[in-house]
Amino acid sequence: MYTMMQVCKETDMTYQALKFYCNEGLVPNVKRDKNNRRVFDDKNLKWIKDLVCLKKCGMSIQEMKEYLELCLQGVSTIPQRQEMLARKREALLASIEELKGCVDYIDWKQEFYGEVLAGKRPYVSNLIPAEK
């Protein structure tokens, strides 16, 4: 069994975030100890790690709730879960492509600055008016 703080350490979540997820019903079947504090088992911990990943994938709290609801319904909802994850995957791939474009821009700009500093090309800026 794990305490809230142990789960936070294992999942790299803040205490407040874990408490929020629990209060939102995103972590079902959490037990309480004799002092009414939440205690988590290995299955809870694995699910919370899944939630962390889904959040990093851009899934909203509402989407996570929908996903959880489908999971709790069992095997019959696997096609709907696959569809949800496929949409997230496509969005992630689009984001990766966009980020690659940003990295390409930075690489180009770094090369440009290097050539200016090495005297290989003149500095031209779209922000500074050209001198007459």
Side-chain angles (χ1 to χ4, degrees):
M1 298 302 265
Y2 304 90
T3 66
M4 291 273 290
M5 291 307 293
Q6 288 170 323
V7 171
C8 289
K9 185 176 181 181
E10 284 285 321
T11 60
D12 201 28
M13 286 181 83
T14 65
Y15 185 91
Q16 293 79 8
L18 180 56
K19 186 175 178 183
F20 176 78
Y21 278 29
C22 290
N23 289 341
E24 287 293 311
L26 284 170
V27 187
N29 308 316
V30 175
K31 309 282 186 283
R32 299 256 183 181
D33 68 10
K34 62 181 166 54
N35 296 316
N36 203 33
R37 288 182 234 146
R38 290 179 181 95
V39 289
F40 304 86
D41 60 21
D42 288 329
K43 288 182 179 183
N44 298 137
L45 180 61
K46 171 68 174 90
W47 174 247
I48 293 165
K49 287 179 179 181
D50 291 350
L51 289 173
V52 169
C53 183
L54 293 173
K55 183 68 176 170
K56 288 179 182 177
C57 290
M59 199 175 271
S60 69
I61 297 297
Q62 185 57 43
E63 288 172 315
M64 284 191 259
K65 285 180 178 182
E66 292 168 18
Y67 185 75
L68 170 60
E69 189 176 312
L70 291 171
C71 289
L72 292 173
Q73 292 176 38
V75 175
S76 65
T77 63
I78 287 175
Q80 294 98 314
R81 287 182 264 164
Q82 282 184 310
E83 180 59 33
M84 282 184 81
L85 294 176
R87 286 192 306 267
K88 279 297 163 200
R89 185 178 190 282
E90 287 302 313
L92 285 170
L93 289 173
S95 293
I96 289 169
E97 286 305 310
E98 187 176 332
L99 289 171
K100 283 180 181 178
C102 294
V103 170
D104 289 346
Y105 167 79
I106 289 173
D107 290 346
W108 171 81
K109 204 64 169 175
Q110 290 287 57
E111 186 178 331
F112 171 78
Y113 290 148
E115 288 175 0
V116 169
L117 292 175
K120 294 179 180 177
R121 77 166 27 188
Y123 179 70
V124 178
S125 171
N126 294 325
L127 300 174
I128 300 170
E131 294 181 19
K132 294 183 179 185

Please walk me through it: do Leu92 and Cys57 pass side-chain contact (heavy atoms from CB on, under 4.5 Å)? CA-CA 7 Å; Leu92 285 170; Cys57 290; 3.8 Å; yes
Answer whether the closest heavy-atom distance between the side chains of [X] and [Y] falls below 4.5 Å.
X: Leu51; Y: Tyr21; result: yes
X: Arg32; Y: Arg37; result: no
X: Pro122; Y: Val116; result: no
X: Phe40; Y: Leu45; result: no
X: Gln80; Y: Glu66; result: no
X: Met64; Y: Glu24; result: no

If you round to the nearest 0.5 Å, how far is [atom2] of [Y] from [atom1] of [X]?
X: Trp47; Y: Asn29; atom1: CH2; atom2: CG; result: 11.5 Å
X: Arg87; Y: Glu63; atom1: CZ; atom2: CD; result: 8.0 Å
X: Leu72; Y: Tyr67; atom1: CG; atom2: OH; result: 11.0 Å
X: Phe20; Y: Leu26; atom1: CZ; atom2: CG; result: 7.5 Å

Taking atom [atom1] of [X] as the centre, report whether more than 12 heavy atoms of other residues, nucleotides or ligands fall under 6.0 Å from it.
X: Asn126; atom1: CG; result: no
X: Lys109; atom1: NZ; result: yes
X: Arg89; atom1: CZ; result: no
X: Asp33; atom1: CG; result: yes

Worked check of side-chain contact (heavy atoms from CB on, under 4.5 Å) between Met13 and Ile48: CA-CA 9 Å; Met13 286 181 83; Ile48 293 165; 3.6 Å; yes
Plane angle bin for Phe112 and Trp108 - parallel if under 30°, tilted between 30 and 60°, otherwise perpendicular: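 The rings of Trp108 and Phe112 lie parallel, inter-plane angle below 30°.
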For Lys46 and Asp42, run salt bridge (charged side-chain N to carboxylate O under 4.0 Å, His left out): C-alpha distance rounded to whole Å, both residues' side-chain angles, the deciding distance at 0.1 Å, then the answer. CA-CA 6 Å; Lys46 171 68 174 90; Asp42 288 329; over 6 Å; no
Would you check if the side chain of Thr3 reaches a backbone N or O of Gln6 as a donor-acceptor pair within less than 3.5 Å? yes
With a 4.0 Å cut-off, would you call Asp104 and Lys100 a salt bridge?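 Looking at Asp104 and Lys100, the cut-off is not met.
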Any carboxylate oxygen within less than 4.0 angstrom of a Lys/Arg side-chain nitrogen, looking at Lys65 and Glu69?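 So Lys65 does not pair with Glu69 through a salt bridge.
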